[in-house]
Amino acid sequence: MKRLYWFFLLFVFTQLCWGQNKADEIRNTFLNDNLSQLLVVAHRGDWRNAPENSLQGILNCIDMGVDMVEIDLKKTKDGHLVLMHDKLINRTMNGKGRPEDYTLAELQMLRLKNGAGCKTRHQIPTFEEVMTLCKGKIMVNVDKGYDYFKDAYAILEKTGTVDQCVVKAGLPYEQVKAENGDVLNKMLFMPVVNLHKADAEAVIDSYLTHMNPKAFELVFNNDGPEVQRLIKKVRDSGAKIFINSLWPELCGGHDDDRAVELCQPDESWGWIIGQGARLIQTDRPALLLEYLRGRKLHE
């Protein structure tokens, strides 16, 4: 019995060490010039097999080897950050209304819906619960959460996960600095730039001049020469490129469904890789991982 006890403790310790090493490895790939590995970002978790923005969806991503999970934040009436994409809970929960009109306890009386709109057993998670789950295992990308920048930072500090989280916003540098300058340099921040908009280059130049971000999320509804010029400009700056393959309007037509439904992964994910992207956000994480592993671009 005593041997079994010590064996169990050794097993738990090994798992914790592996998790921490995994998180460090992902972060190092994100920060450094590792051209042999791409990072896979799962949009709202593994929402095809679990409710979006749920603990189970995130756990599925960890188990399949995803590098980063994208989530969205809202704040409850009593000040808790919870995971929710929409302004209303109607689509993703068996209730109605705005999350800020509910206390956390009230929201947790409800249940999340799956992709088919059916009620599940899963509850809405708090941001703190998510970061505790992800600690040492996977990076987190906060999308709809800029309004709670300082609140999110407090949770990251509390859970010891500041180094594992990337917060982003599609706003000019000057606004982000004015609103969140006191915590901006303490976190990993990623600007989102719409390359098909007239001010795209000015936004890029401002961030490169004042902040030199580790990565840019680039959005574009076409793949014309001007878009490709701006992609190259960001790539040549040394910043990582993050591209969404979720639907055509985000990536100039090189999307997940083209890869999977039209059986054209090279024209979709392959094209994105050819543009120098080091992070790809996808709604098909398992299939993208399989594709990258086949090309020796992911372990």
Side-chain angles (χ1 to χ4, degrees), residues 16 19-20 22-24 26-27 30-31 41-47 50-62 66-87 89 92-93 98-110 112 122-171 176-177 179-192 213-215 217 281:
L16 288 172
Q20 188 60 52
K22 182 62 177 176
D24 289 345
I26 295 168
R27 176 180 165 82
F30 176 76
L31 294 178
V41 185
H43 180 231
R44 303 184 204 169
D46 181 28
W47 63 261
E52 69 174 59
N53 277 317
S54 68
L55 290 178
Q56 185 62 56
I58 294 170
L59 185 59
N60 290 355
C61 291
I62 293 170
V66 166
D67 303 292
M68 186 181 292
V69 62
E70 183 257 17
I71 62 171
D72 308 283
L73 299 179
K74 293 290 186 292
K75 185 184 278 190
T76 66
K77 184 163 62 175
D78 51 345
H80 294 273
L81 292 182
V82 293
L83 269 62
M84 175 64 56
H85 176 273
D86 299 357
K87 292 181 179 179
I89 67 172
T92 56
M93 300 187 76
R98 303 180 304 170
E100 58 265 36
D101 292 334
Y102 288 81
T103 66
L104 176 61
E106 290 168 341
L107 281 177
Q108 291 187 328
M109 293 285 288
L110 304 173
L112 295 173
H122 299 283
Q123 294 177 301
I124 188 171
T126 66
F127 185 47
E128 184 172 346
E129 288 173 333
V130 167
M131 294 315 301
T132 300
L133 171 64
C134 294
K135 186 173 183 177
K137 304 180 186 74
I138 192 171
M139 289 191 73
V140 174
N141 174 214
V142 175
D143 183 10
K144 292 184 180 298
Y146 177 80
D147 291 343
Y148 319 109
F149 204 120
K150 294 182 178 68
D151 295 320
Y153 179 72
I155 295 296
L156 297 176
E157 275 206 314
K158 180 180 178 181
T159 56
T161 55
V162 173
D163 290 344
Q164 282 181 236
C165 188
V166 179
V167 177
K168 64 188 179 186
L171 299 170
V176 175
K177 178 66 175 177
E179 293 173 347
N180 290 292
D182 51 340
V183 296
L184 183 60
N185 294 329
K186 299 177 183 179
M187 301 176 68
L188 290 170
F189 178 79
M190 179 170 64
V192 181
K214 296 297 182 182
E217 179 175 325
Q281 180 170 224

Side chain to side chain donor-acceptor pair (under 3.5 Å) partners for Glu128, two or more places apart: Lys158

Gln56: partners by side-chain contact (heavy atoms from CB on, under 4.5 Å), with sequence neighbours left out: Ala50, Ser54, Leu59, Asn60, His122

Listed partners of His43 passing side-chain contact (heavy atoms from CB on, under 4.5 Å), at least two apart: Trp47, Glu70, Leu246, Trp247, Gln281, Asp283

Glu157 vs Val162, side chain to side chain contact (heavy atoms under 4.5 Å, CB included): CA-CA, chis, key distance, verdict: CA-CA 6 Å; Glu157 275 206 314; Val162 173; 4.0 Å; yes

Side-chain heavy-atom pair Ile124, Gln108 within 4.5 angstrom cut-off: yes

Residues forming a ring pair (Phe, Tyr, Trp, His ring centres under 6.0 Å) with Tyr148, sequence neighbours excluded: none

For Glu129, salt bridge (charged side-chain N to carboxylate O under 4.0 Å, His left out) partners two or more places apart: none

Counterpart residues, salt bridge (charged side-chain N to carboxylate O under 4.0 Å, His left out), relative to Asp147 (two or more places apart): none

Where Asp86 and Met84 come nearest, the two heavy atoms and their spacing: O-CG, 3.5 Å

Sub-4.5 Å side-chain heavy-atom contact between Tyr102 and Leu110: yes

Residue pairs, two or more places apart or on separate chains, that pass salt bridge (charged side-chain N to carboxylate O under 4.0 Å, His left out) and touch residues 51-61: Arg44-Glu52, Glu52-Arg91

Side chains of Lys144 and Leu73 in contact at under 4.5 Å (non-hydrogen atoms): no

Non-neighbouring partners of Lys75 that pass salt bridge (charged side-chain N to carboxylate O under 4.0 Å, His left out), sequence neighbours left out: Asp151

Side chain Lys74, main chain Leu83, donor-acceptor under 3.5 Å: no

Validation row: Thr159, Lys135 side chains within 4.5 angstrom (heavy atoms): no

Side chain to side chain contact (heavy atoms under 4.5 Å, CB included) assessment of Ile138 paired with Val66: CA-CA 7 Å; Ile138 192 171; Val66 166; 4.0 Å; yes

pair Leu156-Met131: side-chain heavy atoms closer than 4.5 Å: yes

Euclidean distance, Met139 CE relative to Cys134 SG, rounded to 0.5 Å: 11.0 Å

Lys87: side-chain contact (heavy atoms from CB on, under 4.5 Å) partners, not counting sequence neighbours: none

Salt bridge (charged side-chain N to carboxylate O under 4.0 Å, His left out) involving Lys214 - partner list, sequence neighbours excluded: none

Distance in Å, Asn53 CG paired with Leu112 CG, rounded so as to fall on 0.5 Å steps: 8.5 Å

Within-4.5 Å side-chain heavy-atom neighbours: Thr76 and Leu107: yes

Flag side-chain contact, heavy atom, 4.5 Å: Val41 against Val69: no

Sidechain-backbone polar pair: Asp143 side chain, Ile71 backbone, donor-acceptor under 3.5 Å: no

Spacing of Leu55 atom CG and Thr126 atom OG1 [to the nearest 0.5 Å]: 7.5 Å

Sequence-distant partners of Thr103, side-chain contact (heavy atoms from CB on, under 4.5 Å), two or more places apart: Lys77, Asp78, Ala105, Glu106

Closest non-hydrogen atom pair between Cys165 and Phe127, with its separation: SG-CZ, 4.4 Å

Side-chain ion pair, Asp24 and Arg27, N-O less than 4.0 Å: no

Report, one line per pair, each donor and acceptor closer than 3.5 Å where one atom sits in a side chain of residues 179-191; sequence neighbours left out.
unit_1	atom_1	unit_2	atom_2	d
Glu179	OE1	Tyr146	OH	2.6
Glu179	OE2	Gln175	NE2	3.2
Asn180	OD1	Lys150	NZ	3.1
Asn180	ND2	Tyr146	OH	2.9

4.5 Å side-chain heavy-atom contact, Lys137 and Lys22: no

